[in-house]
Amino acid sequence: MKIGVLAIQGDFAEHTSMLKRLGVETAEVRLPAHLEGLEGLIMPGGESTTIGKLAVDFGLMEPLREFARSHATWGTCAGAILLSKDARREQPLLGLMDITVQRNAFGRQVDSFEADLDIKALKDVSGSKKPYHAIFIRAPIIESVQGDAKVLTTLKDGRIVAAKQGGMLATSFHPELTQDTRFHEYFLAMVNKK
Ligand code: GLN
């Protein structure tokens with residue numbers, strides 16, 4: 001199995017190391033041709049406006065849309081914003097997931113935080129009942145899900161921080177910055193189902 005990581009800005013290296021730990025072959029995606037032969041794609045955290053603008057410049061927007069329609073695709077943080085249909089402001093978006101996001105919903109960099117989440121889907125793949133410790137860095141909130149998009153988990157106050165729609169996955173937080181491989185394993189299970 002070969003999984004691509006969008007590598008134009010942000011913490012793509014951390015996703016690559018996590019995938020390598022799980023014994024998966026990886027490829028950095030910077031140009032449309034790099035999508036060839038991949039079975040899934042991760043879009044990392046970073047700055048969604050920068051990633052979007054560079055993706056436009058590199059002619060990646062339409063190839064990414066086409067790829068995500070037929071292959072498992074996961075966006076973490078800025079990557080989740082890119083996947084969304086609506087980020088409540090003008091910026092290049094792939095517009096594939098029926099979710100509305102609010103960027104920087106928890107405030108500035110200093111307001112970054114960690115929280116334990118209860119994620120049933122992860123328990124199903126790993127068999128472990130441990131809560132999932134999630135890291136939020138200038139994170140977006142998924143304000144609402146529409147259409148076929150489903151809520152995967154929320155904070156204790158009910159705010160949505162992960163959603164899934166068919167083969168697409170969006171998380172507000174950063175599983176690649178932890179030692180816990182369960183979220184990546186969950187994504188690999190999605191890739192195998194496609
Ligand atoms: N605040 C960033 C944005 O709006 C996302 C932050 C992140 O990916 N950690 O794009």
Side-chain angles (χ1 to χ4, degrees), residues 3-19 26 28-30 40-58 60-61 64-65 67-68 72-117 119 132-145 149 151-155 157 159-165 168-184 186-187:
I3 304 294
V5 183
L6 185 65
I8 47 187
Q9 194 263 338
D11 73 336
F12 51 87
E14 285 77 3
H15 274 294
T16 300
S17 4
M18 194 67 134
L19 291 169
T26 62
E28 293 187 347
V29 173
R30 294 192 176 82
L41 178 73
I42 299 179
M43 300 194 288
E47 202 52 52
S48 59
T49 41
T50 309
I51 299 176
K53 281 181 191 160
L54 291 171
V56 170
D57 290 350
F58 298 162
L60 267 168
M61 294 301 271
L64 286 174
R65 286 189 186 106
F67 185 89
T73 301
W74 175 19
T76 56
C77 207
I81 297 168
L82 272 182
L83 275 176
S84 74
K85 282 222 161 108
D86 185 1
R88 296 193 167 279
R89 62 161 96 178
E90 269 312 302
Q91 68 180 81
L93 298 175
L94 295 173
L96 295 169
M97 279 186 81
D98 294 319
I99 57 177
T100 301
V101 299
Q102 188 196 342
R103 292 179 58 194
N104 305 324
F106 300 98
R108 304 164 65 92
Q109 194 85 15
V110 291
D111 302 310
S112 297
F113 66 101
E114 302 184 12
D116 281 336
L117 304 175
I119 310 178
Y132 185 81
H133 193 72
I135 301 177
F136 295 83
I137 304 170
R138 294 212 306 127
I141 271 291
I142 301 171
E143 263 180 15
S144 62
V145 301
V151 174
L152 213 59
T153 192
T154 66
L155 291 170
D157 62 11
R159 286 185 286 180
I160 306 165
V161 288
K164 182 173 183 289
Q165 182 172 359
M168 290 181 289
L169 181 62
T171 55
S172 299
F173 46 89
H174 289 274
E176 73 285 8
L177 298 181
T178 69
Q179 294 305 312
D180 192 337
T181 56
R182 282 180 292 167
F183 233 104
H184 286 75
Y186 177 71
F187 177 65

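Remember, it's 1-based here, ligands and their atoms both numbered in the order they're listed.
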Any ion pair linking R159 and E143 (charged N to carboxylate O, less than 4.0 Å)?
no

What part of I81, side chain from CB on, backbone N/CA/C/O, both or neither, has a heavy atom under 4.0 Å from ligand 1?
side chain

S48 heavy atoms, cut-off 4.0 Å: which ligand 1 atoms fall inside?
3 (C), 4 (O), 10 (O)

Ligand 1 atoms in contact with N104 (distance to a heavy atom under 4.0 Å)
1 (N), 2 (C), 4 (O)

For C77, the ligand 1 atoms whose distance to one of its heavy atoms is below 4.0 Å:
5 (C), 6 (C), 7 (C), 8 (O), 9 (N)

Atom 2 (C) of ligand 1: closest protein heavy atom, distance to 0.1 Å, is G46 O, 3.5 Å

Heavy-atom nearest neighbour in the protein, as seen from atom 4 (O) of ligand 1, with distance rounded to 0.1 Å:
R103 NE, 2.6 Å

Exactly one of Q9, K53, R103 should register a side chain to side chain donor-acceptor pair (under 3.5 Å) with E47. Which one does?
R103

R138 neighbourhood, listing ligand 1 atoms whose heavy-atom distance to it stays under 4.0 Å:
1 (N), 2 (C), 5 (C), 6 (C)

Does any N or O of ligand 1 fall below 3.5 Å from an N or O anywhere on T76, backbone included?
no

Are the side chain of T26 and the backbone of I3 linked by a donor-acceptor contact shorter than 3.5 Å?
no

Sole candidate of L94, L93, T100 that passes side-chain contact (heavy atoms from CB on, under 4.5 Å) when paired with S84:
L93

Should the ring pair H15 and W74 be called parallel, tilted or perpendicular, given that the plane angle runs from 0 to 90° and is split at 30 and 60?
perpendicular

Quick one: which ligand 1 atoms are inside 4.0 Å of a heavy atom on G45?
8 (O)

What is the minimum heavy-atom distance between T171 and A162, and which atoms define it?
CG2-CB, 4.0 Å

Determine whether a donor-acceptor pair (N or O, by modelled atom type, separation under 3.5 Å) exists between the side chain of Q165 and the backbone of D98.
yes

